[in-house]
Amino acid sequence: MGSVLFSYLLFFLTAVSVVLAVSSADGSSDSYRLLRIKSELVDPNGVLENWSEGTNMCTWNGVACSDDKSHIVRLNLTSSGLEGQISQEFAHLTSLRVIDLSDNFLNGTISPALGELHNLEELLLFSNFLTGEIPSDIGRLRKLQVLRIGANMLTGQLIPEIGKLSELRVLAVAYCQFSGKIPNEIGNLKQLINLDLQQNSLSGPIPDAIGGCKNLQNFAASNNRIEGKIPASIGQLKSLEILNLANNSFSGSIPVELSHLSNLKYLNLFGNELEGEIPFELNKLVLVETLDLSNNNFSGTIRLLNTQLKNLETLSLSGNFLTGSIPSNFCLRDSSLSLLILADNKLSGNFPLELLNCTSIRQLDLSGNSFGGMLPRGLDRLESLTDLLLNNNSFTGTIPPEIGNLTNLEDLYLFHNMLSGGIPVEIGKLQRLRELYLYENQLSGSIPRELTNCSSLTSVDFFGNQLSGSIPDNIGRLKNLVILQLRQNELSGPIPSSLGYCRKLQKLALADNKLSGSLPPTFRFLSEMDLITLYNNSFEGPLPESLSLLKNISKINFSHNKFSGNIFPLAGLDSLTALDLTNNSFSGPIPSELALSKNLTRLRLANNFFTGELPSEFGQLEDLRFLDLSFNNLTGNLAPSLAGLKNLGHFLLSSNQFSGEIPTWLGGIEDLGELDLSFNNFTGTVPTELGNSPKLLKLSLSYNRLSGPIPPELGNLTSLNVLNLRRNNLSGSIPSTLQKCQKLYELRLSENNLTGSIPYELGSLSELQVILDLSKNHISGEIPSSLGNLVKLERLNLSFNQLQGKVPPSLGRLSSLHRLNLSYNHLQGQIPSTFSGFPLSSFMGNNHNLCGPPLLSCSELKEHERIWELSKASVVGITVAIVLTATVICMVLLYIMLRIWCNWRKVTISCSENGGIESKSRQGENWVYGEEIKSGQYWNTTSLVSSKEKQISKGTCMFNLSVSSSDSTEKPLV
């Protein structure tokens with residue numbers, strides 16, 4: 001019998017083992033499913049290494065089993081570095097109560113298979129890379145108490161099926177990309193304690209149904225797009241301790257029902273559009289510790305009293321429109337208030353002395369208001385103060401010396417007030433002081449040496465005061481100093497050499513002072529220096545070689561000083577991004593080693609005495625955006641390698657001696673916004689490629705030797721504001737394509753050899769304002785009436801051309817015009833009446849054909865023309881009369897002279913008939929005759945001959961009778 005029973009027992013055990021084996025072979029065991037899940041994951045940290053066949057799954061990492069060891073009930077693989085997707089195999093692990101896969105690298109969607117886990121109580125998938133929407137199957141997890149799926153890339157809406165999770169205590173979906181409205185079904189979650197919806201894109205209002213979450217203790221919905229009013233039903237959440245609705249679009253007023261939240265400890269409504277007065281009823285929130293209503297539109301006075309909010313530690317009301325001052329009963333002497341921020345309101349009056357009772361305050365911020373008057377000497381009663389921010393007010397008077405008794409003070413902000421007097425030496429007692437900002441006041445006197453006792457100082461900013469004297473020579477004691485800003489004062493003397501021992505110094509701003517001397521060699525110790533600005537001082541001498549050791553420096557501005565020598569110490573600084581040496585006396589060549597500063601974006605070397613060529617190595621500066629080398633003595637051509645300056649936005653080379661042709665590669669710089677090559681010796685034509693620079697705002701090629709036509713392609717520069725081609729040898733006509741430069745407000749084409757007419761299309765340049773200058777060319781034709789559309793134009797110069805016709809009446813619409821020059825053309829007719837205020841010089845040289853004020857009126861001009869016509873006839877008559885009269889006179893004179901000549905001949909003949917002696921005597925008479933002529937008796941010569949001789953003379957000499965040669969020896973000529 002016993003053997004039979006044993007046989008049956010053996011058979012039963014065998015059958016069970018077979019069943020188990022078959023079951024295992026069919027994959028129905030939890031261990032099998034877990035191994036399938038493992039196979040779908042990447043396990044770089046080897047967390048799942050002990051998940052293997054032949055071992056008890058209850059010993060596997062992260063696995064917790066049921067009491068009978070047959071099923072897995074908890075899987076915790078948080079922070080294991082796992083990669084992959086959530087497996088469908090989870091659907092078979094129906095005994096699971098907790099799944100924690102948080103803080104891994106899981107991707108894909110939340111598997112709907114999880115909806116099969118009807119025993120699941122906690123599902124933690126936060127901090128992964130999951131995408132997609134929440135599957136509606138989640139609503140089947142009726143035992144679920146904790147759902148944390150935040151910090152993923154989940155999208156879509158919060159599904160209403162969540163309202164079916166009646167046991168849910170924690171719903172955390174923060175830091176995702178959910179959108180849409182908060183579902184009304186959220187009010188069905190009666191057991192909900194924690195609702196975290198922060199950092200999504202949720203919109204619409206908060207449903208009134210939220211009041212159904214009676215056990216809610218933490219409600220955070222900040223940083224969404226939720227709008228509408230704050231529902232009064234929130235006041236029904238009696239257990240609520242934390243309410244955070246910051247950074248949304250809530251409007252309206254704060255519902256007084258919030259005062260019913262008797263357990264509330266944290267209320268944050270920062271960054272909304274709430275308005276109206278702050279309800280006085282909020283003083284009933286006696287347990288509240290943090291109250292932040294800042295950055296809204298609240299108005300009225302401050303109605304919150306620390307005397308009632310006895311547990312209040314932090315109160316922030318900044319960024320509103322609150323007026324008045326601090327209530328007189330605001331603070332208790334035994335208050336817990338440690339942080340009071342009232343910045344950026346419209347509070348006024350003197351410094352509120354009521355605050356001196358808040359001796360527990362550590363941080364006090366009254367900045368950005370309209371407080372005035374003097375700072376109270378009793379400030380040292382705030383003995384716990386670590387941060388005092390009174391900047392951007394209208395405080396006057398001096399800084400009270402008692403401020404030196406605030407021994408816990410770390411940050412002191414008094415900038416942008418009207419404080420005067422000196423910096424109190426007592427500040428030197430503030431051993432914990434880290435930041436001292438006194439800029440933009442009216443402080444005077446010297447910087448106290450005692451300041452160097454503040455050994456914890458990291459930032460000192462005295463910008464924009466009237467401080468004088470020298471920089472303390474012991475400033476090197478500030479070993480922790482990171483920022484020293486002394487710009488725009490009246491400091492003088494040299495930079496103390498001890499400054500080089502502030503080895504943590506990163507930013508040094510000494511610009512706009514009266515400092516002088518050379519840079520101390522101790523600068524070589526400032527290895528952390530990032531920025532140094534010394535502009536607008538009187539520093540001189542060469543740069544110390546030690547500057548080459550400042551390997552971390554990124555910005556240098558030494559402009560407007562008297563530095564001289566070469567700039568080689570600044571070449572090759574790896575971190576340099578901006579270098580400005582404008583307006584000094586540097587000389588020599590520009591070092592090609594500057595190209596080693598690969599991060600250089602801004603280089604300004606203008607107004608110096610640099611010589612040589614522009615280094616071709618600069619083409620390696622691919623990040624350079626601003627290059628200004630104007631007003632030097634640079635020569636040579638622009639090397640082709642400079643085409644590497646692909647990101648150049650400003651290229652300024654004016655007032656040098658560059659020559660050669662303007663390179664075509666300039667048109668390939670897409671970001672070029674300003675090109676100034678004026679006052680050089682460039683020749684050749686204007687490259688058509690410049691029309692390929694779509695961002696060009698200013699093009700100035702004036703005062704060169706350019707020739708040829710203006711390229712029509714310049715019309716492609718649709719962003720152009722300034723075009724200056726003045727004083728070249730350009731020829732041809734003005735291209736009509738310039739009409740496409742609709743943003744042009746300055747156009748100068750004067751002093752060239754341009755011909756043709758003024759394009760009618762220029763009248764469409766409606767933004768032209770500064771000047772239109774086409775003077776000193778050979779432009780002909782009429783002035784186009786379209787120029788009357790340039791209603792913003794202030795200066796118009798068309799002088800010294802060959803323009804003709806009338807001045808278009810449409811030009812009278814140029815109401816902004818205050819300078820006009822139409823002189824030296826061939827214009828005629830009526831001048832528009834609006835031009836009457838311009839001087840005569842604006843119209844001279846037009847052949848007196850223009851009329852109207854300030855010239856003669858057109859009727860007067862016609863009268864003058866008529867008179868002129870009459871005058872011309874008179875002139876002709878007078879001229880004829882003068883000619884005739886002159887002719888008559890000439891004939892008379894000729895007649896008289898002929899008679900004189902004939903008489904003289906007669907006398908001569910008579911003398912020859914009377915013999916030689918008589919002839920001699922007549923010669924003597926003839927001499928006397930000559931003397932008589934000389935003595936002015938010319939008109940009496942006829943008295944020397946008889947009447948008979950006159951007749952003979954008249955009969956012979958007038959007809960020029962000739963005598964034969966045979967008689968010539970015996971008779972004189974008669």
Salt bridge or not for [X] and [Y], using N-O below 4.0 Å?
| X | Y | result |
| --- | --- | --- |
| Lys555 | Asp530 | no |
| Arg432 | Glu410 | no |
| Asp387 | Arg362 | no |

Please confirm whether the backbone N or O of [Y] pairs with a side-chain atom of [X], one donor and one acceptor, at under 3.5 Å?
| X | Y | value |
| --- | --- | --- |
| Asn329 | Leu305 | no |
| Asn248 | Ala221 | yes |
| Asn480 | Ser455 | yes |
| Ser127 | Ala151 | no |
| Asn441 | Asn417 | yes |
| Asn297 | Ser299 | no |
| Asp574 | Lys551 | no |
| Lys479 | Gly476 | yes |
| Asn391 | Leu414 | no |
| Asp580 | Ser559 | no |

(message) Please find the pair of heavy atoms, one from Ser497 and one from Pro520, that lie closest to each other, and give the distance.
(response) CA-CB, 3.9 Å
(request) Show your reasoning for whether side chain to side chain contact (heavy atoms under 4.5 Å, CB included) applies to Thr407 and Gln431. (result) CA-CA 7 Å; Thr407 54; Gln431 296 292 314; over 6 Å; no
Side chains of [Y] and [X]: any donor to acceptor distance under 3.5 Å?
| X | Y | result |
| --- | --- | --- |
| Asn513 | Asn537 | no |
| Asn247 | Asn223 | yes |
| Gln198 | Ser222 | yes |

(request) May I ask you to decide if the ring planes of Phe539 and Phe563 are parallel, tilted or perpendicular, using 30° and 60° as cut-offs? (result) parallel
(message) Does the plane of the ring in Tyr413 sit parallel, tilted or perpendicular to the ring in Phe415? Use 30° and 60° as the thresholds.
(response) tilted
(message) With salt bridge (charged side-chain N to carboxylate O under 4.0 Å, His left out) as the criterion, how do Glu289 and Lys265 come out once you've worked through the C-alpha distance, each side chain's angles and the decisive distance to 0.1 Å?
(response) CA-CA 5 Å; Glu289 298 172 357; Lys265 296 180 180 178; 5.2 Å; no
(request) Determine, stepwise, if the pair Phe330 / Cys358 fulfils side chain to side chain contact (heavy atoms under 4.5 Å, CB included). (result) CA-CA 9 Å; Phe330 177 77; Cys358 303; 4.2 Å; yes
(request) Determine whether the aromatic ring centres of His560 and Tyr535 lie less than 6.0 Å apart. (result) no
(message) Tell me if the centroids of the rings in Phe525 and Tyr501 come within less than 6.0 Å of each other.
(response) yes
(message) Walk me through whether Ile447 and Val460 qualify under side chain to side chain contact (heavy atoms under 4.5 Å, CB included).
(response) CA-CA 11 Å; Ile447 300 173; Val460 174; over 6 Å; no
(message) Return the CG to CG distance between Asp411 and Leu388, rounded to the nearest 0.5 Å.
(response) 10.0 Å
(request) Apply the side-chain contact (heavy atoms from CB on, under 4.5 Å) test between Asn283 and each candidate in Leu309, Val288, Leu312; give the one that qualifies. (result) Leu309
(request) Tell me whether the guanidinium CZ or amine NZ of Arg487 lies under 6.0 angstrom from the six-membered ring centre of Phe463 and within 45° of its axis. (result) no
(request) Return yes when atom NZ of Lys310 has more than 12 non-hydrogen atoms of other residues, nucleotides or ligands closer than 6.0 Å, and no otherwise. (result) no
(request) Check step by step if side chain to side chain contact (heavy atoms under 4.5 Å, CB included) holds for Asn357 and Arg381. (result) CA-CA 8 Å; Asn357 295 325; Arg381 289 169 56 185; 3.1 Å; yes
